[in-house]
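Throughout, protein chains are lettered first and strands after them, A, B, ... in sequence-line order, and every chain is numbered starting at 1. What you are looking at is a predicted structure, and each value in this text was computed from that prediction instead of being measured. Keep in mind that the numbers below use all heavy atoms, side chains included, and drop hydrogens, waters and symmetry copies.
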2 protein chains.
Amino acid sequence: MATNPLTQLPGYLLRRASAWTMAALAKRLEEFELTPTEASVLVVIASNPGIIQSEIGRMLGIVSANMTPLVGRLEQRELVKRLPVDKRSFGLRTTRRGAAIADRAFTAMQEQEDALIESVPAKNRATFLQTLQDITSVLDE
Amino acid sequence: MATNPLTQLPGYLLRRASAWTMAALAKRLEEFELTPTEASVLVVIASNPGIIQSEIGRMLGIVSANMTPLVGRLEQRELVKRLPVDKRSFGLRTTRRGAAIADRAFTAMQEQEDALIESVPAKNRATFLQTLQDITSVLDE
DNA sequence: TATTGTTATACTCTATAACTATA
DNA sequence: TATAGTTATAGAGTATAACAATA
């Protein structure tokens, strides 16, 4: 019987768990014609009206070169509008439609989280979330 | 101050933690000219001599269409050889060089794991690993 | 000088469809 | 019929380099 020596490595398990979650989330978001990355940007804009592109990038770990076309698509679909804050940057806000979709997308994300956490014993869930927060909070050093 | 509403979602945190780990691992593996995926396949072959391509794919969650060029590269670099087991499949084995590199790559992976787990309080580490195993073990239903 | 945003480009990983050949 | 492997192709995410304009 073949064995997988990688199943003892948390980094590998992280990758598999993440890949599965993202694939499942992508399916849930098809309804809104949003990829997981697009949805995350939209949700951040919705809860931070006036935020500029570069700050979203820092928050979500997206380099600025990739923010441009991403925000461009959201703007073109009239989910987001850009209001100049000075001569080199724009504050981003959701449109009415964008806000409604951000809300529904966030709900879809939460439902996906529930599906993920289902296989974790209830007593370990809080610790698991805390551990993930511990790990991710030191990533941008 | 801008806030990130996604930091309460384990799936999002999983994605960030995974992305960071994979980027760091990719850097560590540059020395061997292996991507994380290539390294994982090589390590699985090293510890399962004679395993066939489709079984590796099932084990690691790689569809067969992507296994072909991946194994092809390993074979071309003479890290792996293919021995026919019947007329439609090959058993894969590492060469002497492949085995040595698999060993060093696996060590690099373990070192990366140590770096990842460093920010997790010692008392939570075993539970974290167990939780990840709980999650990943039910993915292929 | 540092920051914001942009264009161009490339690589890795992943996925599906369509196919041949074999079990 | 199901399985093993292949080819072709596409999309999503990420990364770097080079640049213009502004703070």
Side-chain angles (χ1 to χ4, degrees), chain A residues 2 12 14-30 32-41 50-76 80 82-92 139-140, chain B residues 2 12 14-30 32-41 50-76 80 82-92 139-140:
Chain A
Y12 169 76
L14 218 45
R15 181 191 187 185
R16 292 298 304 277
S18 169
W20 179 83
T21 303
M22 285 309 123
L25 179 58
K27 284 229 167 91
R28 272 179 209 268
L29 293 173
E30 271 176 8
F32 311 112
E33 296 183 85
L34 290 172
T35 65
T37 303
E38 288 167 349
S40 67
V41 168
I51 193 170
I52 64 172
Q53 237 173 263
S54 53
E55 184 151 16
I56 301 172
R58 280 190 292 272
M59 192 178 274
L60 299 181
I62 304 173
V63 299
S64 63
N66 295 330
M67 286 298 304
T68 299
L70 208 168
V71 172
R73 285 194 296 275
L74 297 178
E75 193 189 17
Q76 198 164 5
V80 157
R82 318 164 93 153
L83 303 167
V85 296
D86 58 26
K87 281 180 181 167
R88 70 173 178 181
S89 54
F90 300 88
L92 301 173
L139 296 193
D140 316 304
Chain B
Y12 170 76
L14 218 44
R15 180 190 186 187
R16 293 296 305 276
S18 170
W20 179 84
T21 304
M22 286 309 122
L25 179 59
K27 283 230 167 89
R28 272 179 209 269
L29 293 173
E30 272 177 5
F32 311 112
E33 297 182 82
L34 291 172
T35 66
T37 303
E38 289 167 348
S40 67
V41 169
I51 193 171
I52 65 173
Q53 235 172 262
S54 53
E55 184 152 15
I56 301 172
R58 279 191 292 273
M59 191 179 276
L60 298 180
I62 303 173
V63 300
S64 64
N66 296 330
M67 287 297 304
T68 299
L70 208 168
V71 172
R73 284 194 296 276
L74 297 178
E75 192 189 19
Q76 198 164 5
V80 157
R82 319 165 92 153
L83 302 167
V85 295
D86 58 27
K87 280 181 183 167
R88 69 173 177 178
S89 55
F90 300 89
L92 300 173
L139 296 192
D140 316 304

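- Taking the side chain as every heavy atom from C-beta outward, B/Arg16 and A/Ser18 never approach each other to under 4.5 Å.
- Within the structure, every side-chain polar atom (N or O) of A/Ser89 is placed at least 4.0 Å from both OP1 and OP2 of C/dT4.
- Between B/Ser54 and D/dT3, a side-chain N or O to OP1/OP2 separation shorter than 4.0 Å is absent.
- You'll find that the side chain of A/Arg58 is closest to C/dT4, out of C/dA15, D/dT6, C/dT4.
- The distance between atom CG of B/Leu83 and atom P of D/dG5, rounded to the nearest whole Å, is 13 Å.
- Rounding to whole angstrom units, CG of residue A/Leu34 and P of D/dG11 are separated by 17 Å.
- Comparing A/Lys87 and A/Val63, the nucleotide of DNA chain D nearest to each residue sits closer to the 5' end for A/Val63.
- Contacts of B/Pro69 with the nucleic acid, taken as non-hydrogen atoms under 4.0 Å apart, are absent.
- The CG-P distance, from A/Leu14 to C/dC13, rounds to 16 Å in whole Å.
- Checking A/Arg58 against A/Ser64 by side-chain atom types alone, no donor-acceptor pair falls below 3.5 Å.
- We find that CD1 of B/Ile56 is positioned 17 Å from C1' of C/dC13, with the value rounded to whole Å.
- Proximity of B/Gln53 to the phosphate of D/dT3: no side-chain N or O atom is located under 4.0 Å from OP1 or OP2.
- A donor-acceptor contact closer than 3.5 angstrom is absent between the side chains of B/Ser89 and B/Arg82.
- The distance from atom CG of B/Leu25 to atom C1' of C/dC13 is 14 Å, rounded to the nearest whole Å.
- Residue A/Thr35 places at least one side-chain N or O under 4.0 Å from the OP1 or OP2 atom of D/dG13.
- Summarising the geometry, atom CD1 belonging to A/Ile56 is positioned 5.0 Å from atom CG belonging to A/Leu92; distances are rounded to the nearest 0.5 Å.
- Positionally, the nearest nucleotide of DNA chain C for A/Ala65 lies more toward the 5' end than for the other of A/Ala65 and A/Arg15.
- Residue A/Ser64 is classed as a base contact, given a heavy-atom separation below 4.0 Å to a base.
- C/dT14 atom P lies 15 Å from atom NZ of A/Lys27, rounded to whole Å.
- Distance A/Glu38 CD to D/dA12 P: 8 Å, rounded to the nearest Å.
- Residue B/Thr68 places no side-chain N or O under 4.0 Å from the OP1 or OP2 atom of D/dG5.
- Rounded to whole Å, the distance from CZ on B/Arg16 to C1' on D/dT14 is 12 Å.
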Legend entry - Candidate pair B/Leu34 and B/Leu74, rule side chain to side chain contact (heavy atoms under 4.5 Å, CB included), full reasoning: CA-CA 9 Å; B/Leu34 291 172; B/Leu74 297 178; 4.0 Å; yes
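- Contact annotation for B/Ala19: no contact, since no heavy-atom pair falls under 4.0 Å across all strands.
- At a cut-off of 3.5 angstrom, the base of C/dA15 holds at least one donor-acceptor pair with the side chain of B/Asn66.
- No hydrogens or angles were tested; on distance alone, a donor-acceptor pair under 3.5 Å links the side chain of B/Arg88 to the base of C/dT22.
- No engagement by B/Ala26 is indicated, since no non-hydrogen atom pair under 4.0 Å with the nucleic acid exists.
- When each of D/dT6, C/dT14, D/dT14 is scored by its nearest atom to the side-chain atoms of B/Arg82, the top-ranked nucleotide is D/dT6.
- Distance check: A/Thr68 OG1 to A/Gln53 CD gives 5.0 Å after rounding to the nearest 0.5 Å.
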